[in-house]
Engineer: 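Can you read through this structure? Questions will come right after.
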2 protein chains.
Amino acid sequence: MSEPIFQYRHPHPAVTVDCIIFGFDGLQIKVLLVQRKSEPFAQHWALPGAFVQTDESLDACATRVLQKECSISGVYVEQLYTFGLPERDPRERVISVAYMGFVKTTDFQLIAGNNELQADWQALDQLPVLAFDHHAMIQKALERLRGKIRYQPIGFELLDVKFTIPQLQQLYEAILGKNLDRRNFRKKILSTGLLKQLDEKQQNVAHKAAYFFAFDQQQYQQLMQEGIYLELL
Amino acid sequence: MSEPIFQYRHPHPAVTVDCIIFGFDGLQIKVLLVQRKSEPFAQHWALPGAFVQTDESLDACATRVLQKECSISGVYVEQLYTFGLPERDPRERVISVAYMGFVKTTDFQLIAGNNELQADWQALDQLPVLAFDHHAMIQKALERLRGKIRYQPIGFELLDVKFTIPQLQQLYEAILGKNLDRRNFRKKILSTGLLKQLDEKQQNVAHKAAYFFAFDQQQYQQLMQEGIYLELL
DNA sequence: TATTTTAGTGTATTTTTTACACTAAGGATT
DNA sequence: AATCCTTAGTGTAAAAAATACACTAAAATA
């Protein structure tokens with residue numbers, strides 16, 4: 001039984017998609033890691049990834065990785081960067097297209113509580129040694145995230161459809177790594193016009209219950225179409 | 001005489017690096033295009049590109065493309081995005097890692113005046129029909145450039161080592177597509193501390209001669225190390 | 001009922017952004 | 001040589017945004 005062989009007149013690299021999947025536990029940002037089952041780097045923690053299939057776009061590959069490792073769908077993914085040093089993989093020449101994924105709070109909890117998944121949420125300040133160049137991938141993703149949240153509402157993808165302003169603030173503080181004044185943050189973020197206040201309030205909280213808000217996707221699209229340069233913070 | 005054959009147990013895509021090479025003629029931004037010599041898209045204008053070689057990083061491949069098409073070196077290059085739709089190339093599965101390159105004014109003139117090169121500078125508002133998905137690549141590069149020049153001195157890579165503030169302003173206006181007040185632009189850009197005024201002035205200009213300035217790379221590195229969030233504009 | 005813990009609110013001050021006119025200085029023309 | 005033309009460089013006033021900060025309201029808990 002001989003396996004299929006693919007032949008080319010020139011050397012071809014393999015191409016993988018590796019995913020830096022962020023989640024937010026209400027306090028801090030975490031990243032999803034898996035333990036490799038085979039060499040190279042067997043037993044090492046690594047980012048979830050897969051080889052790109054022939055008839056599959058890169059975005060679709062990223063989405064497939066997420067579906068396979070997290071059993072969730074509807075995760076916002078965005079390409080980060082392509083890592084292409086010749087020696088990054090000892091097996092052969094492998095180029096990796098790194099993607100960032102953003103898991104919403106409720107899904108974050110589902111993943112955390114699902115013992116059948118082989119994936120774990122890890123705090124960013126306590127990462128284990130990682131396989132390949134995955135540590136560099138995470139650093140680059142954080143750097144991108146910290147830059148982007150100032151002018152794109154990308155962080156919102158980590159929150160549920162309904163969220164409170166204090167939750168949003170905690171998210172921004174976790175990503176930027178610094179405290180923000182509650183009054184000023186509220187004023188600034190509301191001035192963007194991107195939030196719709198709902199009639200619903202938090203329940204069962206030992207303090208004043210906060211109103212829920214939702215992201216106004218339509219308003220955002222309109223601002224983008226008008227070419228407005230956003231400054232969320 | 002049989003040619004070498006490369007065999008793999010799984011299908012492997014081909015990977016190219018395509019370069020959106022920007023130049024500045026003092027008034028507007030231009031992009032460097034070449035005419036394809038062979039199918040697919042023979043005779044079509046396209047971005048310069050090449051297949052990634054096995055022992056070559058992606059950055060090195062981009063630099064090689066620039067060296068080959070422009071006969072210049074020392075061009076600042078930066079990865080843009082990886083285009084990976086399955087049908088983007090009719091020959092086979094080809095994934096393209098797009099890079100942006102920034103050619104300084106003096107080199108821009110050298111390339112424009114070199115009849116031996118097969119490459120032409122084209123104005124961005126009069127682009128011909130392009131091969132593959134190269135039009136989309138250019139659009140994405142412009143979008144990136146327009147966003148980045150607000151908080152990274154990337155536009156400076158299009159200017160010579162010595163430049164005047166009116167030249168820098170014209171560059172910003174060309175990229176952003178809008179007029180900026182000269183007094184305000186000067187005040188703002190000087191307030192960043194990233195420019196060193198030289199003793200030298202323009203010569204042979206039929207108006208008041210402007211001082212030359214240089215970019216202060218050291219100061220920029222320091223600000224980056226301190227984690228300062230730059231707002232150039 | 002009292003306590004605790006926020007969520008929401010507004011003011012004063014400082015800084016930045018925005019809008020705008022005039023003089024200085026170089027080459028070209030008369 | 002004088003004049004003209006074309007910017008380069010400069011600063012002020014007003015508006016807007018950013019920064020810093022205290023108190024009341026409202027929910028659960030003891």
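A note on names: the letters A, B, ... follow the listed sequences, proteins ahead of strands, and every chain is numbered from 1.
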Engineer: Should the ring pair B:Phe83 and B:Tyr81 be called parallel, tilted or perpendicular, given that the plane angle runs from 0 to 90° and is split at 30 and 60?
Structural biologist: perpendicular
Engineer: Rounded off to whole Å, could you give me the CG-to-P distance for the B:Asn179 and C:dT18 pair?
Structural biologist: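 To the nearest whole Å, that distance equals 14 Å.
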Engineer: Without decimals, in angstroms, what is the distance between B:Asn184 CG and C:dT15 P?
Structural biologist: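 One finds 19 Å between P of C:dT15 and CG of B:Asn184, rounded.
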Engineer: Evaluate the ring planes of A:Phe156 and A:Phe163, with Trp represented by its six-membered ring, and classify them as parallel (under 30°), tilted (30 to 60°) or perpendicular (over 60°).
Structural biologist: perpendicular
Engineer: Would you name the heavy atoms of B:Leu176 and B:Arg146 that are closest together and state the gap between them?
Structural biologist: CD2-O, 4.0 Å
Engineer: Roughly how far, to the nearest 0.5 Å, is the CD atom of A:Gln118 from the CG atom of A:Leu33?
Structural biologist: 13.5 Å
Engineer: Earliest and latest nucleotide of DNA chain D, 5' to 3', sitting under 4.0 Å from a non-hydrogen atom of chain A?
Structural biologist: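 So the outermost contacting nucleotides come out as D:dA18 to D:dA28.
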Engineer: Can you sort out the partners of B:Lys187 under side-chain contact (heavy atoms from CB on, under 4.5 Å), two or more places apart, ordered by chain and number?
Structural biologist: B:Asn184
Engineer: Using a 4.0 Å cut-off on protein heavy atoms (strictly under), produce a 5'-to-3' string for nucleotides 25-30 of chain C with B for base contact, S for backbone-only sugar-phosphate contact, and - for none.
Structural biologist: BBS---
Engineer: May I have the distance from A:Gln167 (atom CD) to C:dT6 (atom C1'), rounded to whole angstrom?
Structural biologist: 13 Å
Engineer: Quickly, which of A:Phe102, A:Phe22, A:Trp121 forms a ring-ring contact (aromatic ring centres under 6.0 Å, His included) with A:Phe108? Name it, please.
Structural biologist: A:Trp121
Engineer: For B:Ala46 and B:Ala131, work out which heavy atoms get closest and say how close.
Structural biologist: CB-CB, 3.9 Å
Engineer: Would you say a side-chain N or O of A:Lys187 is under 4.0 Å from OP1 or OP2 of C:dG10?
Structural biologist: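 For A:Lys187, the contact criterion (side-chain N or O under 4.0 Å from OP1 or OP2 of C:dG10) is not met.
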Engineer: With no hydrogens and no angle check, do the side chains of A:Tyr211 and A:Asp199 hold a donor and an acceptor under 3.5 Å apart?
Structural biologist: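 No.
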Engineer: Taking for each residue the nucleotide of DNA chain C with the nearest heavy atom, is it A:Tyr211 or B:Arg183 whose nucleotide lies nearer the 5' end?
Structural biologist: A:Tyr211
